[in-house]
Every structure is written in C-alpha cells, then in structure tokens.
Amino acid sequence: FFSSRRRHTRLQGDWSSDVCSSDLIRNCVYHGVLNDTICKLNTDKNWRAIIGVPAPDDRMRDVEMILRFMALYWFSSDYKKPMKDFLSTAMRNKRNPSPAEAAAVEQVFRDTCQLVASRLGERPFHRRGGMNPAVFDCVFTVLARNISRAPVRSEEHTSELQSPCN
C-alpha cells in the first residue's frame with residue numbers, strides 16, 4: 001500500500017542488506033500488551049480493506065499506521081516532531097495498558113474501521129498511488145473521537161452526497 005521499489009531480501013534469508021525500520025525496532029524494544037493489541041488489529045478485515053492490502057506488510061508499515069492512530073488518539077496534544085520519536089514515546093508510555101484500556105481502544109479502532117469502510121469504501125486514504133499518512137491521521141482520529149456522533153446513513157443522505165448540485 002506504500003510505494004516501495006526496494007526488494008525484501010529477508011524472504012530469501014539475506015539479512016546483510018536489510019535495514020531495520022523504526023517499527024521493527026519498536027516491536028522488539030516495547031513488546032507488551034499494546035504491541036500485541038496492534039498486531040491483532042492489523043488482521044481486522046475492514047482495516048485490510050482500508051489500506052488495500054490483504055496480508056500484513058513485512059516492513060510493518062500497516063502496524064505503524066495503527067500505532068500512529070493510537071498515539072494521536074491518546075496524545076495528540078503532546079505531539080512534537082519527529083513522528084518516529086512521538087510514536088516511540090507513545091509506545092513506551094502505553095506499553096502495557098490495563099485490560100479495560102486495551103479493550104476500549106481496540107473497540108474504538110474496530111468501530112472506526114467499520115465506519116470508514118462502510119462510508120468511504122476501500123482504500124479511502126490513497127491518493128495518487130500509496131496511502132497518505134497525513135490524511136489518514138486527521139480523518140481517522142477525528143472520526144474515532146466522534147464516532148458516537150456519526151450520522152446514521154440513509155438513502156436520502158447518500159443521494160445528496162452523490163449529487164450535491166441538484
């Protein structure tokens with residue numbers, strides 16, 4: 001779902017030319033309940049439709065997008081560049097959330113995925129090729145925070161959205 005010209009040599013067993021991404025490092029350093037929750041959410045059917053790739057990415061870019069959502073959902077007011085440091089800090093701070101907190105964020109993510117997939121269709125954050133992380137961050141986080149206020153879809157409302165000039 002992200003454009004990449006680099007061949008993944010790990011599949012062939014050649015680790016010498018492979019550079020570890022920040023996500024692979026975070027996965028090892030901050031392993032815990034949050035990491036397990038993110039990996040579980042990465043298999044959600046609506047999530048897979050949103051990112052437009054049926055199987056998890058070897059480079060964990062799909063996992064990074066889920067972490068981006070969670071970090072912004074919990075800590076958006078504390079955001080400071082660069083994003084990779086912000087994600088690492090969020091992962092460290094929420095490494096082992098309580099079972100209730102983990103279940104809550106999992107439900108919010110799944111509900112938001114369902115809303116996005118049903119209203120915006122497959123690959124809604126893809127513009128001119130790959131997935132646009134900035135658009136995903138904004139839209140997905142705002143929808144998640146306001147999911148209880150999402151209007152019920154009706155045929156009348158849908159037709160108005162499809163032809164606003166009539």
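Position 1 is the first residue of the sequence, and the numbers go up from there.
Without hydrogens or angle criteria, H126 side chain to N132 main chain gives no donor-acceptor distance under 3.5 Å.
Just one of L87, T141, L34 meets the side chain to side chain contact (heavy atoms under 4.5 Å, CB included) condition when paired with M70; it is L34. Just one residue in the list Y73, F140, W47 forms a side chain to side chain contact (heavy atoms under 4.5 Å, CB included) with T112, and that residue is F140.
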Tabulate below the donor-acceptor pairs under 3.5 Å that side-chain atoms of residues 75-82 make, not counting sequence neighbours, or state none.
residue : atom : partner : partner atom : Å
S76     : OG   : L72     : O            : 3.4
S76     : OG   : R145    : NH1          : 3.3
S76     : OG   : R145    : NH2          : 2.8

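Residues A134 and R68 approach most closely at N-NH2, 4.5 Å, considering heavy atoms. Contact between G121 and P124 at its shortest, heavy atoms only, is O-CD, 3.3 Å.
Side-chain contact between R92 and T89 is present, with at least one heavy-atom pair separated by less than 4.5 Å. Side-chain contact between M131 and D62 is absent, with no heavy-atom pair separated by less than 4.5 Å.
A single hydrophobic cluster is not seen to contain both V142 and W74; linkage of ILVMFWY side chains at heavy-atom distances under 4.5 Å, directly or through other members, places them apart. A continuous path of hydrophobic side-chain contacts links L41 to I147 [ILVMFWY only; heavy atoms under 4.5 Å]. One hydrophobic cluster, built from ILVMFWY side chains closer than 4.5 Å, holds both F69 and L120.
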- Query: Could you walk me through whether D44 and R110 pass the side chain to side chain contact (heavy atoms under 4.5 Å, CB included) check?
  - Reply: CA-CA 7 Å; D44 182 86; R110 288 186 191 279; 2.8 Å; yes
- Would you please test R48 and N42 for side chain to side chain contact (heavy atoms under 4.5 Å, CB included) and show each step? CA-CA 7 Å; R48 303 309 313 169; N42 194 33; 2.7 Å; yes
- Item | Pair V116-L143, side chain to side chain contact (heavy atoms under 4.5 Å, CB included): steps then yes or no | CA-CA 8 Å; V116 169; L143 285 175; 3.6 Å; yes
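The CG atom of N35 sits 12.5 Å away from atom NZ of K40, with the distance rounded to the nearest 0.5 Å. How far CD of E106 is from CD1 of I66: 10.5 Å, rounded to the nearest 0.5 Å. One distance of note links NZ of K84 with CG of L67; it measures 14.0 Å at 0.5 Å rounding. Taking CD1 of I38 as the reference point, atom CE of M65 lies at 12.5 Å (rounded to 0.5 Å). Rounding to the nearest 0.5 angstrom, the gap separating the NZ atom in K94 from the OG1 atom in T37 is 12.0 Å. Residue L115 holds its CG atom at 10.0 Å from CG of N46, rounded to the nearest 0.5 Å.
Ion pairing between E64 and R59 fails under the 4.0 Å rule for side-chain N and carboxylate O.
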